[in-house]
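Reviewing the structure listed below.
Nothing here was measured: the structure is a model prediction, and the numbers come from that model. Letters A, B, ... mirror the listed sequences (proteins, then strands); counts begin at 1.
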Amino acid sequence: MPAHLTLHDTLTRTDREVTPLDGQTLRFYCCGPTVYGPAHIGNFRTFVAQDVMRRVVEASGTPTLHVRNITDVDDKTIRDSQKAGQSLIDFTQSWTAKFHTDCDALNLLRPHIEPSAVAHIPQQIAMIEKLAAGGHAYAAADGSVYFRVSSFKDYGKLSHLEDRELRLGASEAASATDSDEYTKDSLTDFALWKARKPEDGENFWPSPWGEGRPGWHLECSAMILEYLGEDFDLHSGGVDLIFPHHENEIAQSCCSTHGKFAHHWMHVAHLMVDGGKMSKSIGNLYTLEDLAKRGYSAAEVRYVLISGHYSAPLNFTMHSLDSARQALQKMAKADKALERGSPNPQHSASDSNPPSSSDGDSTLRSPAADSEVRAPGPFSEAWDTLLKDLNVPGALGSIFGTLNKLKPAALNPEEAAATRNGLHFMLQTLGIVLPPVLEEVAADVPPDIQALAQQRWDAKQAKDWATADTLRKQLEAAGWLIKDSKEGFSVVAK
RNA sequence: GGCGAGGUAGCAAAGUGGUAAUGCACUGGUCUGCAAAACCGGUAUGCGCGGGUUCAAUUCCCGCCCUCGCCUCCA
């Protein structure tokens, strides 16, 4: 199989091969969540795309070092922890735990390192000192420290805003009247260290410039230096982070080291809901919990999130979740047919795993559990498609196309086994966990329904079609479907 | 105003200089007493609009319209 993934690079605006600088391990950094509430599916779109990227790299034989931060100190975490009457640490830790629960449900591989901002204050202060020594930072009268954007000639290269003119829009007009902002030499300068304010409460740290807290952009630069060094393979985040966050990271890092910083930039487009942007006021900011209440599993959500190319906006709807459910069923059925057709079918995973969307991934059937899943087999077209800028929707289409062509039920044992291995390779790479096939047995059929169904079966055996049909309609009206087979019948919720 | 992404069947979404994957939905058939499942088919002469280049464009070029994002802390 082809060796390397090709990914679009935001900086050079070209598709480039993703290969490790050190020839061994792909080291990459993802901007993580700010933990002041549950993450929504838009946030998760980015994390899922990054997860697929990592899985593809690993599936192609390259180990990874995945670092993703937890932002646990900023205006929102401080504000909301105070509202909740909790310490910042307690507050952010509980939301971090929730984040992890959601990540597990979505079958996201845990980053190898997940550093938090408050745990790296000294590293951040050290970086500011370096910047100040190099003439890139200056302290304002109130004790805040700013980065002098004019001191970095490459500022704006990533976002291609180098020759932009600052327009004084509404938000800027507002911030310009903020006393904080008056202390900056230039409107474009950004905070490295924010002086302590009364509303910060207990949340401040000592520094050479007085008490305060680090600016948001700084944590990523400092933690990248700590765990990945001066330059590393790839940096990723949502498109909205290109400016100013990533631009500022580049400025901080390049000016405080001699490194080249990230060699590749991957940005994930936003998720839209019902054709528009998500917003709290519209009430379309869904969390996994919201969707679980509507009966949708995290696996179904994941499928929807990967069903559009990461670089293009994706429209999320309830119908897309229904569609995902059916698509997963289709895959699961194909998998089952392949399993039946394979020689020495192993213990049927689908039999041993209860249908559950709320359990952690450990109890779900994961192709990752199969030991010899290493090659795409008949799905090489899908695999090749995936390697071209992570074309997941193209790969999914190819997988179905291949399944349609192969007719899983008609393969000989060897072909079935090989096909199943290939399918699992692809599923594992996409992080798709197949659901149990919805069939026959419905555990919680009420006794009266069961009795009616039995009557219908008896009538059918007596070839009393009229009675049988009447009873079937009666059951359907009550919300139950009858499915007959040669041996008997089953009742399924409509 | 600047920068960026996108406009492909009812919905979603790939893709290509040579006439449109795939999933959902819908629909015809086989099978079934009838259904369900399964299997075999069908469903965009068309890819935002108008020009241009070309033997040939949805795919390249130009112009225009529309949607979305970013333009200081939002994945």
Nearest heavy atoms of I306(A) and P393(A), plus distance in Å: O-CD, 3.9 Å
Sugar-phosphate, base or nothing in reach of T317(A), heavy atoms under 4.0 Å: nothing
Given rA75(B), rG4(B), rG6(B), the nucleotide with the shortest approach to the side chain of A312(A): rG6(B)
D484(A) side chain, from C-beta outward: closest of rC34(B), rA36(B), rU72(B): rC34(B)
Contact residues, residues 462-471 of chain A to RNA chain B [heavy atom, < 4.0 Å]: W465(A), D469(A)
Position toward the 5' end of RNA chain B (nearest nucleotide), G308(A) or P408(A): G308(A)
Contact nearer the 5' end of RNA chain B, comparing M272(A) with R45(A): M272(A)
Touch class at under 4.0 angstrom, heavy-atom based, for H309(A) against every strand present: sugar-phosphate
Side-chain-base donor-acceptor pair under 3.5 Å for K194(A) and rC73(B): yes
Worked check of ring-ring contact (aromatic ring centres under 6.0 Å, His included) between Y155(A) and F147(A): CA-CA 11 Å; Y155(A) 192 82; F147(A) 183 91; 7.2 Å; no
Sugar-phosphate only, base, or nothing, as touched by S320(A) at under 4.0 Å among non-hydrogen atoms: nothing
Sugar-phosphate, base or nothing in reach of L314(A), heavy atoms under 4.0 Å: sugar-phosphate
salt_bridge(R68(A), D51(A)) N-O dist < 4.0 Å: no
Check ion pair D102(A)-K98(A) (N to O, under 4.0 angstrom): yes
Touch class at under 4.0 angstrom, heavy-atom based, for R68(A) against every strand present: nothing
D75(A) and K197(A): CA distance, side-chain angles, deciding distance, salt bridge (Lys or Arg N to Asp or Glu O under 4.0 Å) verdict: CA-CA 11 Å; D75(A) 292 341; K197(A) 287 184 289 187; 5.2 Å; no
Sugar-phosphate only, base, or nothing, as touched by R325(A) at under 4.0 Å among non-hydrogen atoms: nothing
D240(A) side chain to H245(A) side chain, donor-acceptor N/O pair below 3.5 angstrom: no
Nearest-Å distance for atom pair CG/C1', residues L241(A) and rC73(B): 10 Å
Touch class at under 4.0 angstrom, heavy-atom based, for M278(A) against every strand present: base
Per-nucleotide protein contact string for nucleotides 20-26 of chain B (B base, S sugar-phosphate only, - none; heavy atom under 4.0 Å): -BSBBS-
Sugar-phosphate only, base, or nothing, as touched by N248(A) at under 4.0 Å among non-hydrogen atoms: nothing
Whole-Å P distance, rU53(B) and rC61(B): 15 Å
Range-with-range stems of RNA chain B (Watson-Crick or G-U pairs under 3.5 Å, three or more in a row): B:1-7 with B:65-71, B:10-12 with B:22-24, B:26-30 with B:38-42, B:48-52 with B:60-64
